[in-house]
Amino acid sequence: MNFMETLIRKIDKNKIDEKVIAEAGKFLREGKLVAFPTETVYGLGADALKEEAARKTYAAKGRPSDNPLIVHIADYEDLKKIAVNIPPETDMLAAHFWPGPLTMIFEKSDIVPYGTTGGLDTVAVRMPADPVARALIRAAGGFVSAPSANTSGRPSPTTAQHVEEDLNGKIDMILDGGTVDIGLESTILDMTVIPPMILRPGAITTEMFEEVIGPVGVDETLLSDKSTQAPKAPGMKYRHYAPKAKLMIVEGDLREEILAIRQLAYEADRKGHPVGVIATNETLPFYNHGIIKNIGTRENEKTIARNLYSILREFDEENVDTIYSESFAIQGIGTAIMNRLEKAAGHLRIPAKDIVKLQKYRRITFVSGTDSARGPMAAELLRHCDLKQEYVINSRGMVVLFPEPANQKAEAIMKSAQMTLENHSSLQFDGDNIQEDTLILTIDANQKEKILAEYQLSENVYTLNEFIDDNTEIPDPYGKPLTAYGECYEVLDRLIKKLADKLNSLTEEKE
Ligand code: AMP
Ligand code: MG
């Protein structure tokens, strides 16, 4: 295709510049392509009644021509000109949801070319609410076909910059009206069947339809990768909305999802694979590995819908090869969010439980007498091991009257091995800190006995020797010269390496 100049015109929906609209409308009447904002996503407009204009639309998007376009109107009376056998519920639905993010499918009239409908005898019609879109449709003669203004397969555009990224040089004009409001494509409702059937979920939800016309059907291929049937909206069969990286949706209850994503991101980082995480406002603080992006707040899922595509595009700018996303409940707008996420992920899902169940321990506490030498040394040695899983590693003492820095000789030995205890401050062992995923490892047997006797703990308390099945005595260097600390270090270093192997064998490697 030849490169053409793409004019970019700013437009303010609260103060519409009629000159810009007239120019864009003229372009459309001449059979040219103009991208414009709607409340859902940016549309790639063309004259819906011209076969040739539809052909250009498919070419610019690189879209398969069996994937029909939606015809946009600005006045309800115009529906009768392009659709026939319009069922009676249409009036009620239009009264509630038009103008707005609802597309309805009807039998087409003769004036609609097959180019626009992808060869079908039905036509998809929407009346958008965005004032720029409405003004443009009127200026263009009333019928504007508009698929999303992206290259086929990429995430739909929610800003004019997204359109430019994909279509600069391939279309005649872009109207830049800023960021869209909803961010997901319209709900598609097939009015040619009884009861009407949802072919694509969107901001108008099942619940909202049911309040107006009673039960509606839902195309069962939505949200299911198992169905062998083709989806009824031809466009839904394509891998869509997809970022360049492999996107995987982690599913479970939110706590498990967080733990699983933490582990997956940790593992990727450890192997040097650049990784992304799609988090929410509420869960953001729990992640610390990879490139983490906040998609919005769970308190108001509309924010998540609005950010979804731009986040997927942002990840294309980052050097990540895998993205892990939390999932959302299938209700209200969440249904549309999950539908788009699932499509972007090509239905790759990971049950959070499968990851989390391999993590018996998430915290490891070493217990020594005063938490000033052997305990902190063991903890620091373990932090320097290559672990397949992330642990919170710390140390405590059985008798700590007040916090003190680590023993100076212990620190000197650690320094000579390129480690340090300089941030250590001794702490008293306290049963309240112990959770069911805490592994307690004591330096000697007395400490273990005392813990078992004094704190109602029966599980997850071992001496280090016992846990790794190695009886090498860990010498107590207290009050002895530096060389004794050195000998103690040698023993601990070996035992902790064994401990790391044991922990790694508990966290089975997954691909
Ligand atoms: P887009 O323009 O990118 O929002 O995509 C339009 C969507 O509407 C695609 O999924 C199409 O398959 C669907 N669609 C358009 N016309 C029809 C129709 N007559 N019957 C069923 N689905 C349609
Ligand atoms: Mg699209």
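Whatever order the structure lists ligands and atoms in, that order sets their numbers, starting from 1.
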Exercise. Out of Thr438, Asn394, Asn460, which one pairs with Thr365 under the side chain to side chain donor-acceptor pair (under 3.5 Å) rule?
Worked result: Asn394
Could you identify the single nearest non-hydrogen protein atom to [atom] and state the distance to 0.1 Å?
{"atom": "atom 4 (O) of ligand 1", "value": "Arg200 NH1, 3.0 Å"}
{"atom": "atom 5 (O) of ligand 1", "value": "Arg63 NH2, 3.3 Å"}
{"atom": "atom 12 (O) of ligand 1", "value": "Gly235 N, 2.6 Å"}
{"atom": "atom 17 (C) of ligand 1", "value": "Pro68 CG, 3.4 Å"}

Please list, in number order, the atoms of ligand 1 under 4.0 Å from a heavy atom of [X].
{"X": "Pro147", "answer": "1 (P), 2 (O)"}
{"X": "Ala124", "answer": "15 (C), 16 (N), 17 (C)"}
{"X": "Asn67", "answer": "9 (C), 11 (C), 12 (O)"}
{"X": "Ser148", "answer": "1 (P), 2 (O), 3 (O)"}
{"X": "Ile105", "answer": "17 (C), 18 (C), 20 (N), 21 (C), 22 (N), 23 (C)"}
{"X": "Ile188", "answer": "7 (C), 8 (O), 13 (C)"}
{"X": "Leu120", "answer": "18 (C), 19 (N), 20 (N)"}

Exercise. Hey, does Ile70 sit under 4.0 Å from ligand 1 if you only count heavy atoms?
Worked result: yes
For this session: Determine, using heavy atoms of Ala146 and all atoms of ligand 1, whether some pair is separated by less than 4.0 Å.
Result: yes
Quick test of your reading of the model: are [X] and [Y] salt-bridged, counting only N-O distances below 4.0 Å?
{"X": "Lys244", "Y": "Asp321", "result": "no"}
{"X": "Asp181", "Y": "Arg306", "result": "yes"}
{"X": "Glu165", "Y": "Arg313", "result": "yes"}

Problem set entry | 4.5 Å side-chain heavy-atom contact, Leu264 and Val250 | yes
Exercise. Hey, is there an N, O or S on Asn150 sitting under 2.8 Å from the Mg ion (ligand 2)?
Worked result: no
A quick test of your reading: do over 12 heavy atoms of other residues, nucleotides or ligands sit less than 6.0 Å from [atom1] of [X]?
{"X": "Lys32", "atom1": "NZ", "result": "yes"}
{"X": "Glu207", "atom1": "CD", "result": "yes"}
{"X": "Asp253", "atom1": "CG", "result": "yes"}

For this session: Mark yes or no: Lys81 above the aromatic ring of Phe143, with NZ or CZ under 6.0 Å from the six-membered ring centre and no more than 45 degrees from the axis.
Result: no
Problem set entry | Pick from Thr38, Asn150, Thr122: the one approaching atom 19 (N) of ligand 1 most closely through a non-hydrogen atom | Thr122
Exercise. Can any side-chain N or O of Arg55 pair as donor or acceptor with the backbone N or O of Gly115 at less than 3.5 Å?
Worked result: no
